Amino acid sequence: MDIKVTTSAPQKQPNACLVLPLHSGKKLTGKIAKVNERCENAIARAIKRGDAVSDIGNTLILHELINMSSERVMIVGAGESGKVSRTEFRKICTSMANALCDSGAGMMIIQLEKSLFLKDEKAQWYAQTLAQILVNSQYKFTRHSDKKEPPARLKKCFIVVEKKDLRTCTQAVKSGVAIANGQSLARDLGNLAPNICTPVYLAKEAQGLAKSNANLSTKILTEAQMAKLGMGALLSVSKGSRQDARLICMEYRGADTKKKPTVLLGKGITFDTGGISIKASASMDEMKFDMCGAASVFGAMRAICELQPKSNIIGVVAAAENMPDGDASKPGDVVKTMSGQTVEILNTDAEGRLVLCDSLTYIERYKPAAVIDVATLTGAAVVALGKVSTAIMSNNDKLADALYQAGQITGDLAWELPLWEEYQSQLDSNFADIANIGGSPAGAITAGCFLSRFAKNYKWAHLDIAGVAWKSGKEKGATGRPVPLLMEYVLNNA
Ligand code: BES
Ligand code: MN
Ligand code: ZN
């Protein structure tokens, strides 16, 4: 889809749909009032009949209105003028995008009118959000079928803005499209079958990304190399699997090498059976999504390559498969981590923290300005915050707040859980420095506490995305979260 920002609607409008927000109130104002006049009150009549309503996200397409240069006019409910919240604006865009995709329109035109804006929000936020939602609405997973999908009908979008906003909105649309493209990659990787998407497959994906981007290079560690570094925890997870683990590092250099990088670290368990502490069979297929943290790091790196920010960003993915086997880790096994701390593996299903802890030690070599790990780490995070919000845990209040704010701005919501000292003793072990589980109370927090022991030498935040990374049921599939949140953080703070 090609999205263009202009200051006036295009002259030629073949197979187009003009989108008009409808606010509540008796009188039509702004663009929709002008159009209504031109088409001899057809819109006012549709409102009177009750077909067009101002409720947020309601849509109605009218065809072949008199005197109009576009064949379709879509009226989309936009609530109260000047009082549309960010969440409501996203709803409006989503309904509009879905209705457009269902229609035969090949082109759409929308004017970003003042009536849609909140007082303290700039035009560029609206342009970026709209672009991102438009691209996202066309996502389809097709990698497992040779059947040719018909191409999307909607090919061109014009966003009309005021002259003073043209430059910033053009840049904002670029960002929105790049972020949506990153999300598409994250969704694709998440949705791929676990017999295809293995640690080695992910390593190849990284190399492919580096091949087409001059600023990106990769370093990929094999199991032998990780053994040399003493990554006993990470290797204890892949031990029972026929699939070799990989530690995948993607290094994006957009600034002077002296500038400290931001490191994004993703949990990449390409399938989590639980190992010897095996999971129940029901819905176990969904544990192919246990690499969605890694997928979001890939998505962010792709968006970063597209936008070329002047900063240094390292994407690291800890990729392994967790399987039961004669050689798999057992409950009671003790392993030595790269940090020197020993871990008693009381439950082989708490494997995410085992691959992450050695990765957290490994990335010290980058001397990071900040580290953000992203992981589908605990069912407890889903219990705590549901499928709405990511859980943030951090050793730095400013970093936690920046991530919370990024969630507010993008709608990719995140909320902080405490990592208080008082929780740490739940990880005490009788036989090693630390146990890999902390009992059922505060399960998301004790997982965070476990990671915190390996993240003492830099600013660090942990994002538990177990609730938000994918949807179950009829809509089963990866969401591409938290790529928008990560990108909002990276573009403003890195
Ligand atoms: N990948 C799972 C977490 C998970 C479970 C995410 C269900 C989304 C839905 C993780 O590896 C895991 O199994 N965690 C255990 C930890 C427990 C053994 C301390 C869990 O949450 O049950
Ligand atoms: Mn597990
Ligand atoms: Zn897992």
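Computed from a predicted structure; not experimentally measured.
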What heavy-atom pair brings [X] and [Y] nearest, and what distance separates the two atoms?
| X | Y | result |
| --- | --- | --- |
| Gly82 | Leu118 | O-CD2, 4.0 Å |
| Ala233 | Leu354 | CB-O, 3.4 Å |
| Gly254 | Asn312 | N-OD1, 3.2 Å |
| Ala178 | Glu306 | CA-OE2, 3.4 Å |
| Cys357 | Leu451 | N-CD2, 4.4 Å |
| Lys279 | Met284 | O-CE, 3.5 Å |

Under a 3.5 Å distance rule, please check whether [X] uses its side chain to pair with a backbone N or O of [Y] as donor and acceptor.
| X | Y | result |
| --- | --- | --- |
| Glu113 | Lys31 | yes |
| Thr273 | Asn322 | yes |
| Asp165 | Ala123 | no |
| Thr129 | Tyr126 | no |
| Thr348 | Ser277 | yes |
| Asp358 | Met338 | yes |
| Gln308 | Cys305 | yes |
| Asn191 | Arg187 | yes |
| Asn436 | Glu351 | no |
| Arg481 | Leu413 | yes |

What is the distance from atom [atom1] of [X] to atom [atom2] of [Y], rounded to the nearest 0.5 Å?
| X | Y | atom1 | atom2 | result |
| --- | --- | --- | --- | --- |
| Tyr489 | Thr410 | OH | OG1 | 14.5 Å |
| His23 | Leu116 | NE2 | CG | 4.5 Å |
| Cys449 | Gln426 | SG | CD | 8.0 Å |
| Ile314 | Cys249 | CD1 | SG | 8.0 Å |
| Tyr139 | Ser137 | OH | OG | 13.5 Å |
| Thr168 | Gln124 | OG1 | CD | 4.5 Å |

Other residues, nucleotides, ligands: >12 heavy atoms within 6.0 Å of [X] [atom1]:
| X | atom1 | value |
| --- | --- | --- |
| Lys367 | NZ | no |
| Lys91 | NZ | no |
| Lys122 | NZ | no |
| Lys204 | NZ | no |
| Arg167 | CZ | no |

- request: Could you pull out all residues at least two apart from Lys398 that satisfy side-chain hydrogen bond (donor to acceptor under 3.5 Å, both in side chains)?
  value: none
Would you kindly say whether [X] and [Y] are connected by a side-chain donor-acceptor distance under 3.5 Å?
| X | Y | value |
| --- | --- | --- |
| Ser472 | Glu286 | yes |
| Ser24 | Ser54 | no |
| Ser339 | Thr337 | yes |

With the side chain counted from C-beta on, respond yes when [X] and [Y] share a heavy-atom pair under 4.5 Å apart, and no when they do not.
| X | Y | result |
| --- | --- | --- |
| Ile313 | Glu251 | no |
| Cys157 | Asp2 | no |
| Val297 | Val316 | no |
| Val371 | Ile363 | yes |
| Leu192 | Lys288 | no |
| Lys259 | Ser311 | yes |
| Met96 | Met74 | yes |
| Met108 | Leu154 | yes |

- prompt: Is it true that Asp285 and Lys476 have a side-chain N and a carboxylate O under 4.0 angstrom from each other?
  reply: yes
- prompt: Are Arg302 and Glu205 close enough for a salt bridge, meaning some N to O gap below 4.0 Å?
  reply: no
query: Mind checking whether Phe89 and Trp125 have ring centres under 6.0 Å apart?
result: yes
- request: Please lay out, stage by stage, how Asp290 and Thr376 fare under the test side chain to side chain donor-acceptor pair (under 3.5 Å).
  value: CA-CA 6 Å; Asp290 211 18; Thr376 49; 2.4 Å; yes
message: Enumerate the ring pair (Phe, Tyr, Trp, His ring centres under 6.0 Å) contacts for residues 355-402, please, sequence neighbours excluded, ordered by first and then second residue.
response: none
field: Pairs where residues 445-464 contributes a residue and the test side chain to side chain donor-acceptor pair (under 3.5 Å) is met, not counting sequence neighbours
entry: Glu364-Asn457, Asp373-Trp460, Asp373-His462, Thr378-Asp464, Gln424-Ser452, Gln424-Arg453
field: salt bridge (charged side-chain N to carboxylate O under 4.0 Å, His left out) evaluation trace for Lys114 with Glu162
entry: CA-CA 9 Å; Lys114 272 246 171 61; Glu162 281 182 35; 3.3 Å; yes
- prompt: How are the rings of Trp420 and Tyr423 set relative to one another: parallel (under 30°), tilted (30 to 60°) or perpendicular (over 60°)?
  reply: parallel
